[in-house]
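The figures that follow rest on heavy atoms only: side chains count, while hydrogens, waters and symmetry mates do not. Letters A, B, ... are given to chains in the order of the sequence lines, protein chains preceding strands, and every chain is numbered from 1.
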Number of protein chains: 2
Amino acid sequence: MPRPRSPLLSVDAIVSAALSLVDSTGDFSFPRMARELGVSQAALYNYIDNREHIIELMRGRIFSDRTHADTDDLPWEEALRALAREYRARLVGHPRLVPLLVTQTIQDLAVMGFYEDMATVLGNAGLDVSAIVPAITTVDYLALGSALDLTAPDDAWSAPDDRFPALSLAAAHLKTREERAEAAFEFGLEVLVRGVQQAVARADF
Amino acid sequence: MPRPRSPLLSVDAIVSAALSLVDSTGDFSFPRMARELGVSQAALYNYIDNREHIIELMRGRIFSDRTHADTDDLPWEEALRALAREYRARLVGHPRLVPLLVTQTIQDLAVMGFYEDMATVLGNAGLDVSAIVPAITTVDYLALGSALDLTAPDDAWSAPDDRFPALSLAAAHLKTREERAEAAFEFGLEVLVRGVQQAVARADF
DNA sequence: ACCTGAACACCGTTCAAGT
DNA sequence: ACCTGAACACCGTTCAAGT
């Protein structure tokens, strides 16, 4: 095959192919991407460095196009809730990508933008500077955990078990996994908001 | 090679080999386990079903030998903190195992025992039954996220960046990744404890 | 019952060769 | 500059064959 007049590939096309494979199968590979794109496996390396690079590009993709919400006129509680929920929603949109994301260092600017906005909101709220990173990190843990939960095949919560009476009772009227993951996130977020309120009001936190 | 008088392998030996490979390299494979144990790759299948099975066995290993702490005479706040911290400590003992754990359904009884104990403590505290699973799940997210953080190569928090002034300020006096991960967990846990206190005291949560 | 060797289908990455 | 085909070292799983 001669060199085409216009390239057959692009970074965007590769990232799209990878992301759609992850969404539909839970993973991606070079052979499958190449098949999907109608090129040879080796051709991909003209655009990307390696597998990790593609994962970082997928992270960038799902956090791109962030419209900087004007949270300035909102009470900080509402601003924080909005930021945390949007952050989670980006992950929940591609839950099977999350396991690939959590083992890699974040380099993406859009993600850092989320953190920056949360730091600003918490700083404006009056939270002590030493508590800001722990608070943001808590939001991060809640969002990641909640998104990871959506990838689990089926869980032990739903199966009543005589050996775990307290747990079975608490889990008795549980709805779908999606609702449970969201309820846990909202619970954690609300607890965080109230904790920050307390920390701001009194200096003993 | 004839069949040995006593088996060369055992489930325990396989799990030990897998876990030590995970601890030292971040992953495990059948060829490397077989080399470590001095047997052929195929021999492993006499004791385990597949790769996922080994991961579940590793989960069981790190949560085994749980001494049922008598949390009955403690205030529920202290009991919850103790349970949450022990749960996290088990994961932090093998942080590189955590990425392998998070994508699989929990079947392990010892893990369920942790959940059961937390459900009991929260129920005794007077927390509404509908909030018990969200609260336990929050602890789970915090512990998993905090342990996952320890596996990250090196993070963006530490690098000051003019584009993220609020974040850089908040991250200025950060210590090691270990301390940051633990501080975030403790912050989240404290916020959770106070949130449960509020929810118990007033019914408006 | 417990192990080996060989096979199969998969994977990430490199590299010489083509236009 | 952009692509192909072949190569290499790796992987999980199966299975006939040996004792």
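B:Tyr45 and B:Asn50 form no side-chain donor-acceptor contact under 3.5 Å, judged by distance and modelled atom types alone. Checked by atom type, the side-chain pair A:Arg61/A:Ser16 shows a donor-acceptor distance below 3.5 Å.
Look at CG on B:Leu21: it is 10 Å from P on D:dC11, rounded to the nearest Å. Between the P atom of C:dC11 and the CG atom of A:Asp27 lies a distance of 9 Å, rounded to the nearest Å. Look at CG on A:Asn50: it is 17 Å from C1' on C:dC15, rounded to the nearest Å. Atom-to-atom, CZ of A:Phe30 to P of C:dT13 comes out at 5 Å; the value is rounded to the nearest Å. The distance from atom CD of A:Gln41 to atom P of D:dA6 is 13 Å, rounded to the nearest whole Å. Rounded to whole angstrom, the span from the CG atom of A:Leu37 across to the P atom of D:dC2 amounts to 16 Å. Per the geometry, OH belonging to B:Tyr47 stands 9 Å off C1' belonging to C:dC3, to the nearest Å. Across the protein-nucleic acid pair, A:Arg51 atom CZ and D:dC10 atom P stand 18 Å apart, rounded to whole Å.
Each of A:Arg32 and A:Asp49 was assigned the nucleotide of DNA chain C with the nearest heavy atom; the assignment lying further toward the 5' end belongs to A:Arg32. In terms of position on DNA chain C, the residue among A:Ser29 and A:Ala42 whose nearest nucleotide sits closer to the 5' end is A:Ser29.
You'll find the ring centres of B:Phe114 and B:Tyr87 inside the 6.0 Å limit.
Side-chain proximity of A:Leu9 to the nucleotides D:dC3, D:dG12, C:dG12 is greatest for D:dC3. Closest to the side chain of B:Leu8, from the set D:dC11, D:dC3, C:dC3, is C:dC3. The side chain of A:Pro31 approaches C:dC11 more closely than any other nucleotide in the set C:dC11, D:dG12, D:dC2. With C:dT13, D:dC3, D:dG12 as the choices, the nucleotide that has an atom nearest any side-chain atom of A:Pro7 turns out to be D:dC3.
Residue B:Ser40 has no polar side-chain atom (N or O) positioned under 4.0 Å from OP1 or OP2 of C:dC3. The shortest distance between the side-chain N/O atoms of A:Tyr45 and the OP1/OP2 oxygens of D:dC2 is not below 4.0 Å.
For the strand DNA chain C, secondary-structure stems (runs of at least three Watson-Crick or G-U pairs, all distances below 3.5 Å) span C:4-8 with D:12-16, C:12-16 with D:4-8.
A salt bridge between A:Arg66 and A:Asp108 is absent, with no side-chain N of the basic residue lying under 4.0 Å from a carboxylate O of the acidic one. Of the charged side-chain nitrogens involved, at least one lies within less than 4.0 Å of a carboxylate oxygen, so that A:Arg85 and A:Glu186 count as a salt-bridged pair. B:Arg163 and A:Glu116 are not joined by a salt bridge, as no carboxylate oxygen comes within less than 4.0 angstrom of a charged side-chain nitrogen. In summary, B:Glu36 and B:Arg32 do not engage in a salt bridge, as defined by a charged side-chain N under 4.0 Å from a carboxylate O.
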